[in-house]
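One structure is given here, and the rest of the page talks about it.
Positions are given from 1, in the same order as the sequence printed here. Quick caveat, the model's predicted, so the values are computed rather than measured.
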Amino acid sequence: ESPMISTWSWPVAPSPGALVPCLLLRPRGKTTGAITIALHPEGKEACLKEPAAQAMLRQGRALCLADLRHTGETKWDHPDSKEHLPPFRAELWLGRTMIGQWVKDILAIRAALAGRGHGRGGIELLAFGEPALAVLAAAALAENFDAVSVEKLPATYVTHQTPPAQRYSIYVPGILQWGDVTLIAALANCPVRVRSLANHSNKILSRPEHLAWLREARKMAGRPGRRV
């Protein structure tokens with residue numbers, strides 16, 4: 001017997017002409033009443049395969065899987081779509097960024113869940129890879145998320161001599177004139193758990209590098225050990 005049941009499958013419309021497919025999975029038996037919105041650059045199916053997502057279900061948390069724009073079911077059928085280059089370029093032509101559109105998607109998903117009475121035990125965010133930047137930005141702009149967990153979070157926008165391996169979806173023109181990823185994390189309005197960090201070549205940072213990143217983020221937040 002499956003340890004979970006699908007209780008709700010629906011599209012969220014964060015803006016005219018944009019649809020974000022969502023699937024709500026609720027564990028059988030006793031649940032915590034909490035929901036985790038889980039996101040992956042390859043979409044819902046890839047997200048559900050992640051050990052962290054499976055752990056949420058085992059803990060009795062409902063899981064809302066979603067295909068952010070240009071991922072999963074909404075992915076462009078184009079040879080370069082794996083790198084998110086065509087949609088990234090199209091968003092720039094329209095004066096927008098993919099990260100910005102993803103934040104709109106995330107806030108719309110949360111509003112849809114809350115509007116239907118879901119997540120009374122809290123709504124958290126879980127993201128892997130590039131969408132991890134979007135959930136940090138969403139948590140910085142909104143005050144109604146209970147916690148954020150990220151894996152393979154791009155650690156910095158600074159590149160070092162070699163071409164970056166991350167998808168084009170992460171880029172924001174002029175971002176380093178404002179700050180870096182540590183500042184985005186520091187501005188979150190809820191606790192942030194950084195499970196792993198990836199450098200510009202998509203290699204996981206060592207423990208000393210990880211701890212140094214956390215120290216920088218905590219220093220910026222002015223809340224040592226409390227948030228990030």
Side-chain angles (χ1 to χ4, degrees), residues 14-15 18 37 39 41 68-71 83-110 124-205 209-228:
S15 58
I37 300 171
L39 307 165
L68 298 175
R69 271 177 266 193
H70 313 306
T71 71
E83 314 305 328
H84 290 167
L85 177 57
F88 166 75
R89 190 163 45 201
E91 295 294 354
L92 284 185
W93 287 338
L94 295 171
R96 306 183 304 218
T97 64
M98 280 188 67
I99 287 288
Q101 297 306 298
W102 282 356
V103 170
K104 286 183 181 180
D105 295 346
I106 293 165
L107 298 181
I109 294 166
R110 194 209 179 283
E124 298 185 4
L125 293 167
L126 169 66
F128 306 88
E130 290 83 357
L133 281 170
V135 300
L136 288 181
L141 292 170
E143 298 182 355
N144 48 11
F145 291 106
D146 293 272
V148 172
S149 295
V150 291
E151 289 192 19
K152 296 188 74 174
L153 168 71
T156 179
Y157 276 101
V158 178
T159 59
H160 300 281
Q161 310 267 320
T162 58
Q166 279 120 2
R167 294 170 174 85
Y168 288 90
S169 48
I170 71 170
Y171 296 112
V172 178
I175 184 69
L176 288 173
Q177 296 176 4
W178 170 82
D180 205 350
V181 179
T182 46
L183 181 54
I184 301 175
L187 292 173
N189 289 298
C190 63
V192 174
R193 182 181 181 186
V194 181
R195 298 171 182 264
S196 59
L197 291 157
N199 65 17
H200 70 288
S201 297
N202 240 2
K203 294 182 179 179
I204 299 301
L205 265 60
E209 291 171 326
H210 189 123
L211 293 175
W213 189 97
L214 289 176
R215 285 194 296 270
E216 181 179 344
R218 288 169 179 164
K219 182 178 180 180
M220 290 182 175
R223 301 182 289 259
R226 182 181 163 195
R227 290 285 185 186
V228 181

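In this structure Arg69 satisfies the salt bridge (charged side-chain N to carboxylate O under 4.0 Å, His left out) test together with Asp105, sequence neighbours excluded. Every residue two or more places apart in sequence or in another chain that forms a side-chain contact (heavy atoms from CB on, under 4.5 Å) with Glu91 is listed here: His70, Arg96, Met98, Gln101.
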Let me check something: any side-chain donor-acceptor pairs from residues 143-151 under 3.5 Å, sequence neighbours excluded? List them with distances.
residue : atom : partner : partner atom : Å
Asp146  : OD2  : Ile123  : N            : 2.8

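Rounded to the nearest 0.5 angstrom, Gln166 CD and Asn202 CG are separated by 5.0 Å. If you take CG on Leu183 and CD on Glu216, they are separated by 9.0 Å, rounding to the nearest 0.5 Å. To the nearest 0.5 Å, atom CZ of residue Arg215 and atom NE2 of residue His210 are 11.0 Å apart. In this structure, the separation between OG on Ser169 and CG on Leu68 is 9.5 Å, given to the nearest 0.5 Å. A distance of 9.0 Å separates CG in Leu141 from CG in Leu187, rounded to the nearest 0.5 Å.
Annotation: side chain of Leu153 is in contact with side chain of Trp213 (closest heavy-atom distance under 4.5 Å). Between Thr156 and Asn199 there is no side-chain heavy-atom pair separated by less than 4.5 Å. Counting heavy atoms from C-beta outward, Leu197 and Glu209 have side chains that stay 4.5 Å or more apart. Inter-residue side-chain proximity for Leu133 and Tyr157 is flagged as met; some heavy-atom pair is nearer than 4.5 Å.
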Checking side-chain contact (heavy atoms from CB on, under 4.5 Å) for the pair Ile106/Leu39: CA distance, chi angles, key distance, verdict? CA-CA 9 Å; Ile106 293 165; Leu39 307 165; 3.7 Å; yes
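Within the structure, salt bridge (Lys or Arg N to Asp or Glu O under 4.0 Å) pairs that include any residue of residues 127-137 comprise Glu130-Arg167 (at least two apart or interchain). Applying the ring-ring contact (aromatic ring centres under 6.0 Å, His included) test to residues at least two apart or on different chains, none of the pairs has a partner in residues 171-192. Residue pairs meeting the ring-ring contact (aromatic ring centres under 6.0 Å, His included) criterion with at least one partner in residues 184-204, sequence neighbours excluded, are His160-His200.
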